[in-house]
Structures are given as C-alpha cells and as structure tokens.
Amino acid sequence: MEMAKPQAEHGFLQRLVGTWEVRDMPDAGTWVEVVRSLHGIWFVAEGNGQMPGGGDATTVLTLGYDPAKGRYVGSWIGSMMTHMWVYDGEVSADGNTLSLYTTGPDFQNPGRTGEYREQIIIKDDAHRIFNSSAKQADGSGKQFMEVNYRRVS
C-alpha cells in the first residue's frame, strides 16, 4: 500500500494546528481546543471545558481531505450527546472558510432529523470563527451558534 501524501487542500486544515481558546461563551468557563496533525493527512481537534449552563465536556473533531471524492470529510463527537456527526464539505474560493454539511438531531423538533451547515472561518493566524446553522423549511439557513477562537500557541 502506498502511503498517502498531503494534497494542496490539506493546507487549509494545517492552518488549524495549535492551541485555541474561547472565553466569550455565555454561562460557561474557558474552552480550550488543541488541534494536531496526523502527518498532514488527518487533523484531530480535542476540546475541553465548561458547557454553557455548567458541566464539563469534551469534544473530538476529525477532519481530512479525500482526493477520490474531491471533498473534505470528518466527524464530531461530544460527551454531551450520543449522536456522531459526519461531515462532507468544501473550502470557499477565497480559501478561508470550510463549510461542512451534516444531518443530526433537530433541536427544534425532538425526535426528528435536521440538516446543518457548520463553518470554520479563518479570519487571520490568531482568530477563527465556528458557526452553525440549521436548514429551514424554505431552504434558507438559520444561524444558531457562533464561537470565536483565539490562538494561544
């Protein structure tokens, strides 16, 4: 088997490597996320901190680029829920926004499934934004979360 080699598309993910901190979540303590690279092919982000309203939580995000699909792929799990989110996405033409598409529990309609778009937006080397929006019945998206990360190292 031939070893995978990083593609140009992995460059976006490489920009995430480091330690990031969130301090502005309402009713929550500091959130820290450490992003590491597995030989430039896969990227793993582990987050730890207090959830809004209290309670310790841990999350794990995996991201990579699949050249056969021509798409970014990944998954997310968190200790606050039992659903595993599976992602498929692309980077914007300007190279600063990764849009990830997924389905999961519809938080507005318990027992149903909803469609979501989550984005990682790199503002500069020290600041990135994560936002999440739910697809509405008319096809539009309604943003329900935005988190600002600052690079610590």
Side-chain angles (χ1 to χ4, degrees), residues 1-25 28-107 113-135 141 143-153:
M1 176 174 168
E2 184 176 329
M3 292 288 288
K5 292 181 177 56
Q7 306 291 306
E9 291 83 359
H10 287 97
F12 177 90
L13 302 172
Q14 188 65 44
R15 295 167 68 189
L16 301 174
V17 172
T19 301
W20 299 82
E21 191 174 76
V22 177
R23 292 184 181 206
D24 63 351
M25 281 196 287
T30 300
W31 185 266
V32 176
E33 185 174 87
V34 177
V35 183
R36 61 191 173 93
S37 168
L38 304 179
H39 301 279
I41 301 295
W42 291 102
F43 295 79
V44 179
E46 184 170 346
N48 288 285
Q50 288 279 315
M51 290 295 296
D56 291 331
T58 299
T59 61
V60 177
L61 169 70
T62 63
L63 291 170
Y65 179 76
D66 185 337
K69 292 181 179 180
R71 305 282 291 169
Y72 288 83
V73 295
S75 65
W76 183 93
I77 56 171
S79 61
M80 71 290 294
M81 67 178 66
T82 58
H83 182 77
M84 174 187 268
W85 300 83
V86 177
Y87 295 121
D88 172 79
E90 76 272 337
V91 168
S92 61
D94 69 5
N96 292 319
T97 302
L98 174 60
S99 294
L100 299 166
Y101 305 94
T102 188
T103 58
D106 184 334
F107 300 114
T113 300
E115 294 182 37
Y116 298 88
R117 179 186 74 182
E118 300 186 342
Q119 294 182 308
I120 298 170
I121 304 161
I122 298 179
K123 300 304 277 182
D124 57 49
D125 288 343
H127 178 214
R128 67 181 167 95
I129 298 170
F130 172 83
N131 68 43
S132 188
S133 58
K135 187 174 181 180
Q143 182 174 322
F144 63 89
M145 179 179 9
E146 180 172 294
V147 181
N148 287 278
Y149 288 83
R150 295 281 175 196
R151 186 184 296 275
V152 176
S153 64

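Listed for the Y87 side chain is no donor-acceptor partner under 3.5 Å among the backbone atoms of L61.
Here CD of Q14 is found 14.0 Å from CD of E9. Values are rounded to the nearest 0.5 Å.
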From CA spacing to verdict: side chain to side chain donor-acceptor pair (under 3.5 Å), D56, Q50: CA-CA 5 Å; D56 291 331; Q50 288 279 315; 2.4 Å; yes

Stepwise side chain to side chain contact (heavy atoms under 4.5 Å, CB included) test for L100 and T102: CA-CA 7 Å; L100 299 166; T102 188; over 6 Å; no

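Not counting sequence neighbours, R151 has no partner by the salt bridge (charged side-chain N to carboxylate O under 4.0 Å, His left out) test. Residues satisfying the salt bridge (charged side-chain N to carboxylate O under 4.0 Å, His left out) test with D88, not counting sequence neighbours, are R71. Residues meeting the salt bridge (charged side-chain N to carboxylate O under 4.0 Å, His left out) test with E46, sequence neighbours left out: none. Residues satisfying the side-chain contact (heavy atoms from CB on, under 4.5 Å) criterion with T19, sequence neighbours excluded, are V32, V34, V152, S153.
The two residues I129 and N148 come nearest to each other via the heavy atoms CG1-OD1, 3.3 Å. Shown here for N96 and V91, the closest heavy-atom pair between the two residues is N-CG1, 4.4 Å.
Note on residues 60-69: pairs passing side chain to side chain donor-acceptor pair (under 3.5 Å), not counting sequence neighbours, are T62-S75. For residues 31-43, the set of pairs meeting the side chain to side chain donor-acceptor pair (under 3.5 Å) definition, not counting sequence neighbours, comprises E33-R128.
Below 30°, between 30° and 60°, or above 60°: for Y116 and F107 the angle between ring planes is between 30° and 60°, a tilted geometry.
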